[in-house]
Amino acid sequence: MSVQEMKPVKEGKVREIYDNGDSLIMVATDRISCFDVILKNEVTKKGTVLTQMSKFWFGMTEDILPNHMLSVDVQDMPEYFRQDKFDGNSMLCRKLEMLPVECIVRGYITGSGWASYEKTGKVCGIRLPEGLKESDKLPEPIYTPSTKAEIGDHDENISYAESVDYLEKRFPGKGEEYASKLRDYSLMLYKKCAEYALSRGIIIADTKFEFGLDEKGNIVIGDEMLTPDSSRFWPAEGYEPGHGQPSFDKQFARDWLKANTGHDWTLPQDIVDKTIEKYLQAYQLLTGKELV
């Protein structure tokens with residue numbers, strides 16, 4: 001295959017996936033999506049933050065379960081990827097059969113979970129203690145899976161019992177085993193990483209994990225892990241329940257879009273700059289390193 005010919009086999013809102021024979025190359029672009037729409041701006045370095053942050057967490061959690069990462073060095077990839085635009089934001093990965101469930105863990109009550117609790121006292125069917133305030137830490141993290149939607153559709157929250165049935169239909173005889181492993185691994189990963197992050201000044205309010213099966217049928221963590229795109233990171237300094245918290249993610253972008261009509265999905269440059277500043281700050285706090 002000539003250098004020019006590599007085309008993504010799958011393109012998500014932010015990621016592009018290339019087939020490399022017995023492996024995949026996952027590129028985190030600088031695209032940004034809000035409310036399930038890809039914005040017209042690019043956020044320089046965002047893809048590098050996502051890839052390098054996933055690498056950091058994959059390394060930290062190998063004692064809990066294996067992950068799909070083989071390398072983030074473009075020298076280990078085909079020649080096509082030895083271009084500046086792929087350096088730092090590309091990951092060579094094992095091929096997995098992805099399990100069709102988004103594994104969401106919530107350690108704090110916020111966002112759609114808070115809206116649901118205010119109405120029903122429950123989040124995704126799980127009854128929570130009375131009297132919680134917005135952004136309160138939950139007594140124990142909760143696991144609230146959802147189905148994985150195609151681009152343009154919305155993921156749908158399902159109960160744990162529904163996740164068993166959902167997986168059983170796709171993997172006969174394995175629904176209960178896979179559902180319970182996904183739940184247990186998700187909670188173990190969240191607890192370990194949230195405790196570490198707190199020691200570095202970041203609260204991980206909630207996050208989502210994605211898992212797949214390797215060639216031997218073992219469950220492996222794939223996709224991205226604990227990035228500002230897949231998680232809600234809050235600064236621990238100034239944390240105060242009773243209202244929403246500032247966050248290290250695309251909240252600046254979301255808030256601006258909500259407040260301004262007729263935006264045509266384009267952000268002003270100062271909002272783009274503030275957004276990447278938050279991503280870089282989160283990376284530095286968590287890893288102790290600056291991204292150069």
Side-chain angles (χ1 to χ4, degrees), residues 53-69 93-113 116-117 122-129 132 136-149 155-199 202-227 229-233 286:
M53 203 177 272
S54 289
K55 173 186 181 244
F56 172 77
W57 292 117
F58 285 150
M60 184 186 284
T61 53
E62 283 173 326
D63 58 330
I64 296 177
L65 85 166
N67 58 69
H68 71 165
M69 178 176 70
C93 305
R94 289 196 276 164
K95 281 187 170 175
L96 304 175
E97 182 179 3
M98 296 306 287
L99 294 167
V101 172
E102 301 229 311
C103 299
I104 298 161
V105 181
R106 302 167 192 260
Y108 293 72
I109 188 154
T110 183
S112 62
S116 167
Y117 174 78
K122 298 178 185 174
V123 174
C124 300
I126 299 170
R127 181 157 294 287
L128 295 176
L132 291 176
D136 257 338
K137 185 175 185 180
L138 297 172
E140 270 297 307
I142 57 173
Y143 173 68
T144 59
S146 77
T147 59
K148 280 190 60 152
D155 301 335
E156 189 183 328
N157 291 330
I158 51 176
S159 66
Y160 172 72
E162 285 170 323
S163 80
V164 174
D165 296 342
Y166 188 70
L167 287 162
E168 182 64 31
K169 281 194 189 103
R170 287 153 184 80
F171 301 93
K174 292 284 194 179
E176 179 69 61
E177 180 197 335
Y178 288 168
S180 64
K181 281 183 174 171
L182 293 185
R183 176 194 61 200
D184 295 350
Y185 282 142
S186 297
L187 289 166
M188 283 162 74
L189 290 166
Y190 174 81
K191 285 175 184 174
K192 175 173 183 166
C193 297
E195 193 176 309
Y196 167 80
L198 198 52
S199 77
I202 288 183
I203 290 168
I204 302 176
D206 52 39
T207 193
K208 78 173 169 67
F209 301 110
E210 295 195 34
F211 300 90
L213 304 171
D214 68 11
E215 65 284 353
K216 293 180 184 157
N218 300 314
I219 291 181
V220 173
I221 186 159
D223 199 60
E224 64 181 317
M225 180 174 178
L226 288 160
T227 70
D229 269 19
S230 67
S231 319
R232 226 181 286 249
F233 291 165
L286 287 168

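No experiment lies behind these values; they were computed from the predicted model shown.
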Item to check | Closest heavy-atom pair and its distance - F211, I221 | outcome: CD2-CA, 3.8 Å
Checklist outcome for this item: When rounded to the nearest 0.5 Å, the distance separating CD of E140 from CD1 of I126 is 12.0 Å
Checklist entry - Donor-acceptor pair, Y196 side chain versus L286 backbone, under 3.5 Å? => result yes
Checklist entry - Which value, rounded to the nearest 0.5 Å, describes the distance between L226 atom CG and K208 atom NZ? => result 10.5 Å
Next on the checklist: Checking the side chain of Y190 only, and the main-chain atoms of I204 only, is there a donor and an acceptor separated by less than 3.5 Å?
Outcome noted: yes
Checklist outcome for this item: Closest non-hydrogen atoms of P141 and V105, given as atom of the first, atom of the second and distance, are CB-CG1, 3.9 Å
Next on the checklist: Using a 3.5 Å distance criterion without hydrogens, assess whether the side chain of S230 forms a donor-acceptor pair with backbone atoms of M225.
Outcome noted: no
Item to check | Results of salt bridge (charged side-chain N to carboxylate O under 4.0 Å, His left out) for R94 - residues two or more places apart only | outcome: D214
Checklist entry - Are the side chains of Y178 and L213 in touch, meaning some heavy atoms are under 4.5 Å apart? => result yes
Item to check | Distance in Å, T144 OG1 paired with K122 NZ, rounded so as to fall on 0.5 Å steps | outcome: 15.0 Å
Checklist entry - Where is the tightest heavy-atom contact between G222 and F58, given as atom of each residue plus distance? => result O-CZ, 4.2 Å
Checklist entry - Does the side chain of L65 come within less than 4.5 Å of N218's, by heavy atoms? => result no
Item to check | Within 45° cone of Y160 ring axis and under 6.0 Å: R183 NZ or CZ | outcome: yes
Item to check | E168 side-chain N/O to G173 backbone N/O, donor-acceptor pair under 3.5 Å | outcome: yes
Item to check | S146 to I104 - nearest heavy-atom pair and separation | outcome: OG-CD1, 3.9 Å
Checklist entry - Considering only heavy atoms from C-beta outward, does the side chain of R106 approach that of S112 to under 4.5 Å? => result yes
Item to check | W57 CH2 to E62 CD distance, which is reported to the nearest 0.5 Å | outcome: 14.0 Å
Next on the checklist: Assess the residue pair T110 and R232 against the criterion (side chain to side chain contact (heavy atoms under 4.5 Å, CB included)); give the C-alpha distance rounded to whole Å, side-chain angles, the decisive distance to 0.1 Å, and a yes or no.
Outcome noted: CA-CA 9 Å; T110 183; R232 226 181 286 249; 3.5 Å; yes
Checklist entry - Rounded to the nearest 0.5 Å, how far does CG of N157 lie from OG of S116? => result 8.5 Å
Next on the checklist: Given 3.5 Å as the limit, does a donor-acceptor pair link the side chain of K192 with the main chain of M60, or not?
Outcome noted: yes
Checklist outcome for this item: Taking every heavy atom of P145 against every heavy atom of S159, the minimum-distance pair comes out as CG-O, 4.0 Å
Item to check | Heavy-atom side-chain proximity of V101 to C103 below 4.5 angstrom | outcome: yes
Checklist entry - Under 4.5 Å between any side-chain heavy atoms of P129 and L138, yes or no? => result no
Checklist entry - Just by distance, do the side chain of H68 and the backbone of D223 share a donor-acceptor pair under 3.5 Å? => result yes
Checklist entry - Between S231 and F233, is there a donor-acceptor pair closer than 3.5 Å when you use the side chain of the first and the backbone of the second? => result no
Item to check | Side chain to side chain, L99 and F171, heavy atoms closer than 4.5 Å | outcome: yes
Checklist entry - Which pair of non-hydrogen atoms, one from L132 and one from Y117, has the smallest distance, and what is that distance? => result N-OH, 3.0 Å
Next on the checklist: Does atom NZ (K137) have a neighbourhood of more than 12 heavy atoms from anything else shown, all under 6.0 Å?
Outcome noted: no
Next on the checklist: Using a 6.0 Å cut-off, check whether atom NZ of K55 has over 12 heavy atoms from anything other than its own residue.
Outcome noted: no
Checklist entry - Can you check whether E176's main-chain N or O pairs, donor with acceptor, with S180's side chain at less than 3.5 Å? => result yes
Next on the checklist: Any side-chain to backbone donor/acceptor pair from T61 onto I64? Under 3.5 Å, distance only.
Outcome noted: no
Checklist entry - Once you round to the nearest 0.5 Å, how far does NZ of K95 lie from CD of E215? => result 11.5 Å
